[in-house]
Protein chains: 2
Amino acid sequence: MSSHPQLCHSDCDDCPIRHRAVCAHCDSRELEELEEIKYYRSFEAGQTVIWSGDQMSFVGSVVSGIASLTQTMEDGRTQMVGLLLPSDFVGRPGREGAPYDVVATTDLVMCCFRKKPFEELMARTPHIAHRLLEMTLDELDAAREWMLVLGRKTAREKIASLLSIIARRDASLTKRGMSGPMVFDLPLTREAMADYLGLTLETVSRQISALKKDGVIHLEGKRHVTIPDMGRLMEEAGDDTDGGFLV
Amino acid sequence: MSSHPQLCHSDCDDCPIRHRAVCAHCDSRELEELEEIKYYRSFEAGQTVIWSGDQMSFVGSVVSGIASLTQTMEDGRTQMVGLLLPSDFVGRPGREGAPYDVVATTDLVMCCFRKKPFEELMARTPHIAHRLLEMTLDELDAAREWMLVLGRKTAREKIASLLSIIARRDASLTKRGMSGPMVFDLPLTREAMADYLGLTLETVSRQISALKKDGVIHLEGKRHVTIPDMGRLMEEAGDDTDGGFLV
DNA sequence: CGAGCAGTTGATTATTGTCAAGGACCGTGG
DNA sequence: CCACGGTCCTTGACAATAATCAACTGCTCG
């Protein structure tokens, strides 16, 4: 109840994700069309944005905060299958039902477009479809990167991989670059990390303690992380550290 | 050396994947354009089609046979991140390098388009881009399904999941439907299955033996599988067996 | 026939999960 | 103010699952 939903954005020109979201290449005429079918919605941490199986009446972009896509088995085992950060797109034009639960991991603001009109606009505007294809290909790459993490990495490597991804995303968001020590707050609970990595929360906790003991990371409190040497972390993650930096 | 590469296809009208591939919705004029930039290539089982990191000069569709996308870590651990069946698309218009190795798992025929001209055609032909988006979204769904398998399922469930997917794909290809016992040949070695499932080949072998002992599957030789009760297999896979059949 | 490959099976070890107890922090209400 | 309950996290003891190492079978091909 502490956060007061802010539904007062309205101008795409001021939008923090203007240049990265699905609308990135839209001209001002197209933005006007989008403004007519868009609306903002806020969610508190923990709220479910979309239930798996539900009809979807909108598609949209994450403006601020973090959402997760999760799949759940009958017996309760759950696996996170996507982490949605600002500018990421939610929903599939041309599809009816939602295949996964979408949950607000932190407080969340979404820019929603009514689905039907958006689909029509997309049909008339090839470069929106093109941008969406581009973003979907990126998501597919990210998903495949995670398949390697899930299938072949050890618990320690999994944690290091997650930390390195969060660190890089944070760096690209705050434009602080990747030289020198990196500092950020973990946006996920231990349990959410476990669901992302296919581990138990106990194992997550143990491996974080181990990385801390070995000086790979520093912790203040439970969430505030400092990474003194990014190269070291990437070695721990089992990633290629030499050669060009991955974006 | 036993299979003699057949490079004699040329007419899209007779193409076995005509209605499912990226060209599914093309009219005859567009097909003519495609015919001009296309060529067929054959690969033997085990050959590498594209090396990770290489420049890609073509994109294309699997016509017959099976290819796999794999990622490899420096120390040799490998994870399969995609299984490409007839009609599946290879390559990413708009991107330079290949992010994964593409390997022919069986003898393979590909319908290749020269990349540049294909990209130009795509820019002029929105519905090709649209079809590609549709196929990419399907791949993304499949990848996320696998993330659940990799992250949360037991070895036995993983094997059952793989068998049920192969069985369903085979059924949709041969149009034999899913009622009654299903019969097919495994197109993968134990090692390839292990790479797909994030297991060792020994564990794959043991779990297949266990499923056979328990009557969930029958085996003739090492590759010929009969599934007497598909519902039983899907229970073993931990999948929702009630409710609508997943496509 | 022997080499080589794909697969199976056994013995043992290692990693991670499970179960259990307890600590740190936070807001609430007496 | 402090006790209470709740959530999130940590740590320990133990168990289970899958990996590793190793031997061996059966088949195919030259």
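Numbers restart at 1 for each chain; the letters A, B, ... are given by sequence-line order, proteins then strands. Basis for what follows: all heavy atoms, side chains included, without hydrogens, waters or symmetry-related copies.
- By the side chain to side chain contact (heavy atoms under 4.5 Å, CB included) test, B/Ala45 is found to be paired with B/Asp107, residues two or more places apart in sequence or in another chain being considered.
- Ring pair B/Tyr39/B/Phe58 is perpendicular by interplanar angle, where above 60° counts as perpendicular and below 30° as parallel.
- Residues A/Arg168 and A/Ser164 bring a donor and an acceptor atom of their side chains to less than 3.5 Å of each other.
- Contacts of A/Ser205 with the nucleic acid, taken as non-hydrogen atoms under 4.0 Å apart, include base atoms.
- Between B/Lys153 and B/Asp239, at least one side-chain nitrogen of the basic residue sits less than 4.0 Å from a carboxylate oxygen of the acidic one, meeting the salt-bridge criterion.
- What separates NZ of A/Lys212 from P of D/dC9 is a distance of 13 Å, to the nearest Å.
- Shown here is A/Arg77, whose CZ atom has more than 12 heavy atoms of other residues, nucleotides or ligands within 6.0 Å.
- Rounded to an integer number of Å, the gap from CG of A/Asp195 to P of D/dC9 is 12 Å.
- As a whole-Å value, the separation of A/Leu188 CG from D/dC8 P is 13 Å.
- Rounded to a whole Å, the CG atom of A/Leu201 is 14 Å from the P atom of D/dT7.
- In this structure, the CE atom of B/Met193 is 11 Å from the C1' atom of C/dA6, given to the nearest Å.
- Within the 4.0 angstrom heavy-atom criterion, no nucleotide atom of any strand lies near A/Arg77.
- Remark: P of C/dT16 and CG of A/Leu197 are 12 Å apart, rounded to the nearest angstrom.
- For the pair A/Glu191 CD and D/dC9 P, the computed distance is 9 Å after rounding to whole Å.
- Remark: C1' of C/dG7 and CD1 of B/Ile159 are 13 Å apart, rounded to the nearest angstrom.
- Electrostatic pairing of A/Arg206 and A/Glu202 does not count as a salt bridge here, judged by no charged N lying under 4.0 Å from a carboxylate O.
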Per-nt protein contacts along nucleotides 12-30 of chain D (heavy atom under 4.0 Å; B base, S backbone sugar-phosphate only, - none) come out as BB----SSBB---------
